[in-house]
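Step one of this worksheet: look at the structure below.
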Amino acid sequence: MHRVAWLIQVEGASPNSILAVTFTNKAAAEMRGRIETLLGIPGSAMWIGTFHGLTHRLLRLHWRDAGLVQAFQILDSEDQARLLRKVLKALNLDETRWVPREILWFINAQKDEGLRAKHLKDNGDPTRHQLIRIYHAYEEACQRAGVVDFAELLLRAYELFQGNASLLHHYRSRFQHVLVDEFQDTNAIQYKWLMLLAGPAGLPFAVGDDDQSIYRWRGARVENLNQFRRDYPQAVLYKLEQNYRSTGTILKAANALIANNAGRLGKNLWTSGEDGDRVKLYAAFNERDEADFVVGRIRDWVARGGSRREVAVLYRSNAQSRVFEEAFLNARVPYRVYGGLRFFERAEIKDALAYLRLVASRADDNSFERVVNLPARGIGAKTLDVLRDLARVHGTSLWHATEIAVRESLPQRAAAALTSFVQLIDKLAVEIAGLELHEQVDHVIGVSGLIEHFKKEKGERGEGRVENLLELVSAARGFSPEGETDMQPLESFLAHAVLESGEGQADPYADCVQMMTLHTAKGLEFPVVFLAGMEDGLFPHQRSIADLASLEEERRLCYVGATRAMRQLYITYAEQRRLYGVDQYGQPSRFISELPPELIEEIRPRLQVSRPAFVKRGAMPEESPSTGGMRMGSHVRHGKFGEGVVLRFEGSGPHAQVHVNFERVGMKVLVLSYANLQVM
DNA sequence: TACTATTTAATTTTT
DNA sequence: TTAAATAGTA
């Protein structure tokens, strides 16, 4: 941001000549806002946005040159999967052999590399041959339907520049200054696009950190950093090693951890600030104990004057959030979970949008299929099969196929149902013409019967869905299209809904504990950070352990997590964890042993675990009696039974029980206060 | 065709 | 455990 300010204020660059690109809408919005504050001028002359946002803008402006229809729609991942399934069905392929998710992965990976089906060779591999064939069919289906997926936005924009010298020349001379954030996350096609735009004589400016590259699995290439230096030998490298965020201890720990990775560009963070507390390590008995520990520490923090929003609980996978949510709920600690499904990805919202899309463009087969029988109006799989066949034979949309079907080949009942659906959409189109955007949305969700349909859904779920639909109306009310587009408000709202899936900006000021995955935490900072679930198999994840490159990515993820912390860093793991309904006994994460021991302070577990949920609050003693450091797995001696291993604790207080497996006599359940066990 | 019961499989995520 | 996909029944 200061670079932009410098360019404009000192070097006298025109705001028009600046293009700045980031990965998330949030980052783009922040960048724009801060530049405006910094310069005191509106940022609208500059192109600031995400890769997808900017390429989308380009394609809207030059849709004809890009080989698209003017009203092209964007598919989100779910729509994409839907379309692919249809393609697979049309090709008569078995979904158990040709798994849609894997094929989607393949197609997206190719696009991320800038490769189209026609560029690929099967090398005599029949599986690959088939994949390429599917990719071909998928491309055709997209083209026919006038839709582009996320990866396609970038690929198209690249091809647009590559195949159109005068256009490229125009943008090259306009954007003298190309700036990129989070450069380590760029994939092949993004890099190619940027280099094409900047040109060999250009002066692109990139900011990145190879140690924070955590998206290799979705096509990001750290190598782009080195490639950049080869492509621009005149480029100057600045290392920003002084850190103004974390304490010295946290930085030392993070440096030690990341030093285990090979092939880094290399840097060593330092601070002029104080060392601060040691990293605290807690070994929990199980995932509940882990959550209770975190809750307890947060209470302490708050009791000492801290606020909850300063605390973040970070975990490797979303499934881990549940236990924490329960614990927070129990302890009445407000929290907020980031991630999960976003507003515009909710089923009911997508249903409403599908109605709107269909009204805007009848040829939108995806939307047609989504809502033709929602609410249920007697149009089932059979009828749809007929429609799909007709559409394929005649090479038209499903909408058009209904006309033929109603005339020719349908039973009375289905024909009547279809007719009423067609009339409904036509009626909606007439009725909303000329209305304000939010009135259009309001009208459609009411008249389509969606509201009624979700009201019938039992329980809170239905209520929530209705609320979300109403929220969609307010979202429409607050929507103002940006940029110089000549699109209809409705169209531009629909595109916005796909590109900006709507990370709920709900009450950012609420004082909540923040919960999110490590990936989501990148770019954020918190005074207190808990890295939870630090067990081998969970973090590093089981699927990343065998392969060195993936393991290093996990280590970078851990590095990212640790460096989120400003003052306090807690690391916790559970000796026993119930995952997917099965109990597992894991080892502490190997990353823990990579931290210098002198930076770590181990916190001994208190003894009274097992089922805190069944114990009344307040009934729990602060300290349990005479356990003398005994814990699960401890070797103990009993006066009569001899030596054994502690397997489990149950209950608390004077009746707390302990399960011990003795060498001579096997399993025994003993009352702790009478057993007189001796820890060995 | 609509609804309910059963089976199945399971990182990480933005756009 | 749980959500989603599929099979089975009214």
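In what follows, chains are A, B, ... by sequence order, proteins preceding strands, each numbered from 1.
The aromatic ring of A/F23 does not sit over the base of B/dT14; the criterion of centres under 5.5 Å apart with planes under 30° is not met.
Each of A/S317 and A/V498 was matched to the nucleotide of DNA chain B holding its nearest heavy atom; the match closer to the 5' end belongs to A/S317. In terms of position along DNA chain B, the nucleotide closest to A/T383 lies nearer the 5' end than the nucleotide closest to the other residue of the pair A/L518 and A/T383.
Nucleic acid contact for A/Q542: none, since no nucleic acid atom lies under 4.0 Å from a heavy atom of the residue. Among the atoms of the strands shown, none is found under 4.0 Å from any heavy atom of A/R578. Backbone-only contact: A/Y215 has heavy atoms under 4.0 Å from sugar-phosphate atoms and none from a base. Residue-level contact check: A/D149 touches neither bases nor backbone, having no heavy atom under 4.0 Å from any strand. As judged by a 4.0 angstrom heavy-atom cut-off over every strand, A/T55 is placed among residues making no nucleic acid contact. When heavy atoms are screened at a 4.0 angstrom cut-off, A/S544 is found touching base atoms of the nucleic acid.
In terms of polar N and O atoms assigned as donor or acceptor, the side chain of A/T517 never comes within less than 3.5 Å of the base of B/dT11 in a complementary pairing.
As the counterpart of C/dA7, B/dT4 is assigned, both hydrogen-bonding distances of the Watson-Crick or G-U wobble pattern falling under 3.5 Å.
Look at A/E78 and A/R370 and you find a salt bridge, because one of the NZ, NE, NH1 or NH2 atoms lies within 4.0 Å of a carboxylate O, short of that distance.
Here A/Y338 does not reach the OP1 or OP2 of B/dT14: none of its side-chain N or O atoms lies under 4.0 Å away. Phosphate contact (OP1/OP2 of B/dT1, side-chain N/O of A/N373, threshold under 4.0 Å): absent. Of the side-chain N and O atoms in A/N318, one or more sit less than 4.0 angstrom from OP1 or OP2 of B/dT13.
Comparing B/dT11, B/dT13, B/dT15 by their closest approach to the side chain of A/R218 singles out B/dT13. The A/T520 side chain lies nearest to B/dT13 when the options are B/dT11, B/dA2, B/dT13.
Considering every non-hydrogen atom in both A/T383 and A/L418, the closest pair reads CG2-CD1, 4.0 Å.
The side-chain heavy atoms of A/H62 and A/Y171, taken from C-beta on, include a pair separated by under 4.5 Å. At least one side-chain heavy atom of A/F51 sits under 4.5 Å from a side-chain heavy atom of A/V180.
Spacing between atom CG of A/N187 and atom P of B/dT13 amounts to 18 Å, rounded to whole angstrom units.
The distance from the CD atom of A/E525 to the OG1 atom of A/T563 is 10.5 Å, given to the nearest 0.5 Å.
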